[in-house]
Number of protein chains: 2
Amino acid sequence: MSQASYRTIQTEVRRRIQSREWPAGQIIPSEVELAREFDCARATINRALRELAQTGLLDRRRKAGTRVSLNPTRKATLDIPIIRLEVENRGQTHRHQIIAREHLPVPDHLAARMNAPRDAQMLHLKTLHLADDQPFLFEDRWINPTTIPDILNAPLDDISANEWLVQNVPISRGDITLTAQPATENDAGTLDVPSGTALFVIERLTWIGDSAVTSVRLAYAPGYQLSTQI
Amino acid sequence: MSQASYRTIQTEVRRRIQSREWPAGQIIPSEVELAREFDCARATINRALRELAQTGLLDRRRKAGTRVSLNPTRKATLDIPIIRLEVENRGQTHRHQIIAREHLPVPDHLAARMNAPRDAQMLHLKTLHLADDQPFLFEDRWINPTTIPDILNAPLDDISANEWLVQNVPISRGDITLTAQPATENDAGTLDVPSGTALFVIERLTWIGDSAVTSVRLAYAPGYQLSTQI
DNA sequence: CAGTTTATTATGTGCAGACATAATATTAAT
DNA sequence: ATTAATATTATGTCTGCACATAATAAACTG
């Protein structure tokens, strides 16, 4: 090995794991030994292995050494998409209409989850997203104006709350739940499907520090699929 | 700033982004300038910023510099779980029963997706996973014995195919699709729910290099939710 | 022998310096 | 003015070295 690049080292390490030259659970040579083998600095080996450990392929512990992860599951990523782009990437045209926009005291169960006082006033938005004028997604959102005062001046008729928030609010954390739910009467009327239809639903609660930003329920029209790679 | 650690630098950079001291889309000072400000080596700044860029918070380009990502979508991770552990983590006891286990020519649409010849013989397994003896998950799986000959000797009555594969096959890639589907007659009978019930379904195709390992459809009983953090 | 202290060791982090590379900005040429 | 050659610059990567830290192994002690 004369080519000493952390990328080629990563490729070779992955190959050895896949070929079971280095079986799952087994300890691999130390950084110093690998540096000798690949004829490079230890820092280079360190970077290669550190990144592989970040992806979950390796487990590393001081003194104990580096071993092939027993459960080498690589991790797929889910992001918070801008719905307009999601639609446009399918080659369709996006449009949204605001169904409701009101200031209401937040329901108790949400107040608790959002770490807000009971009966806190929040902005409640119901938005229907359309793809080629067909219902695509029903968005039911509560926004905490205490955390995000700017939202009150946002042009939400032009830019959907989803898009405005993704672009303007640097969130620090979010809890995401994916479920299948039968369409409620409300869902059914809005998305124009029979009541009880299987809907793909994403519920998401996002935070800046310890302050809740927004809680949203996204109910997708039938046929939607969320795809990702691992 | 006298504390020169890549972690404290990351924290400070995150703070500046969240406080909009560095607004989205704006270019931030160069590594050399930051190294001067934080009184550390450029390599330290480089590592701090490089890792933040990996998470999607920053965009970096040679010569152009580093800017705050316009769409700072942090990424949630989804892994391939061991179903037994998923059940046990809920405090329930796991059991599985094999409903069908046969060698069949793979259906055409799967052969194409799995990059296999038409009518290739594969191992077809249908497994019901139970949590506290209640139906939890219906697993319908095709395994390519060309890629994984060992599977034929696996004790699949004791260890579910899911668990055996996760622990024994270091996959290199997987395509995952999440959907909501109405229960088919088959789903309904197996999971003991009315036909048409909204089911959360995961479909997954995994690979070693260019060889398909297995294609699986996981239909969860109602009430299941997949949770993650961003 | 159990429990405690002390070495040892593999990884973690940091530095200064060097050269590579991609992208932009500038200059020269047509 | 448009195009092509050249300089500049910010990030990318690597090296060799140093010291820190956590975890284990070894030695010691009652």
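Heavy atoms only: backbone and side chains are in, while hydrogens, waters and symmetry mates are out. Here is how names work: the chains are called A, B, and so on, in the same order as the sequence lines, proteins then strands, and each is numbered from 1.
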Original post:
Base, sugar-phosphate alone, or nothing: which one does B:R42 contact when heavy atoms must sit under 4.0 Å apart?
Top reply: base

**OP:** Let me know the distance between OH of B:Y6 and P of C:dC15, rounded to the nearest Å.
**Re:** 13 Å

Original post:
Would one find a side-chain N or O of B:T44 under 4.0 angstrom from OP1 or OP2 of C:dC15?
Top reply: yes

Original post:
How many Å lie between CZ on B:R62 and P on C:dT24, as a whole number?
Top reply: 13 Å

Original post:
Can you check whether B:R7 has a side-chain N or O nearer than 4.0 Å to OP1 or OP2 of C:dT13?
Top reply: yes

**OP:** Let me know which of B:R217, B:K126, B:H124 forms a side chain to side chain donor-acceptor pair (under 3.5 Å) with B:D140.
**Re:** B:H124

Original post:
Rounding to a whole Å, what distance do you find between A:I45:CD1 and D:dT13:P?
Top reply: 15 Å

**OP:** Can you tell me the distance, in whole Å, between the CZ atom of B:R60 and the P atom of D:dA10?
**Re:** 12 Å

Original post:
Within this structure, what is the CG-to-P distance between B:L58 and D:dT11, rounded to whole angstrom?
Top reply: 11 Å

**OP:** Could you tell me whether the side chains of A:E163 and A:S160 share a donor-acceptor contact shorter than 3.5 Å?
**Re:** no

Subject >> Distance-only donor-acceptor check, side chains B:R50 and B:N46, under 3.5 Å >> reply: yes

**OP:** Would you classify B:R47 as touching base, sugar-phosphate or nothing, given that sugar-phosphate means primed atoms plus P, OP1 and OP2, and contacts are heavy atoms under 4.0 Å?
**Re:** sugar-phosphate

Subject >> C:dG12 phosphate, OP1 or OP2, under 4.0 Å from A:N46 side-chain N/O >> reply: yes

Original post:
Would a distance-only check, ignoring hydrogens and angles, find a side-chain to backbone donor-acceptor pair under 3.5 Å from B:S172 to B:G209?
Top reply: yes

Original post:
Taking A:T44 for the side chain and A:C40 for the main chain, is one N or O donor matched with an acceptor at less than 3.5 Å?
Top reply: no

**OP:** Would you kindly give the CG-to-P distance between B:L52 and D:dG12, to the nearest whole Å?
**Re:** 12 Å

Original post:
Rounded to the Å, how far apart are A:K63 NZ and C:dT6 P?
Top reply: 18 Å

**OP:** Map A:A64 and A:R50 onto DNA chain C by nearest heavy atom, then report which one ends up closer to the 5' terminus.
**Re:** A:A64

Original post:
Does A:S5 put a side-chain nitrogen or oxygen below 4.0 Å from OP1 or OP2 of D:dC14?
Top reply: yes

Original post:
Hey, is the side chain of B:S30 poking within less than 4.0 Å of OP1 or OP2 on D:dT9, counting only N and O atoms?
Top reply: no

Original post:
Can you tell me if the side-chain N/O atoms of B:R61 get under 4.0 Å from OP1 or OP2 in C:dT24?
Top reply: yes

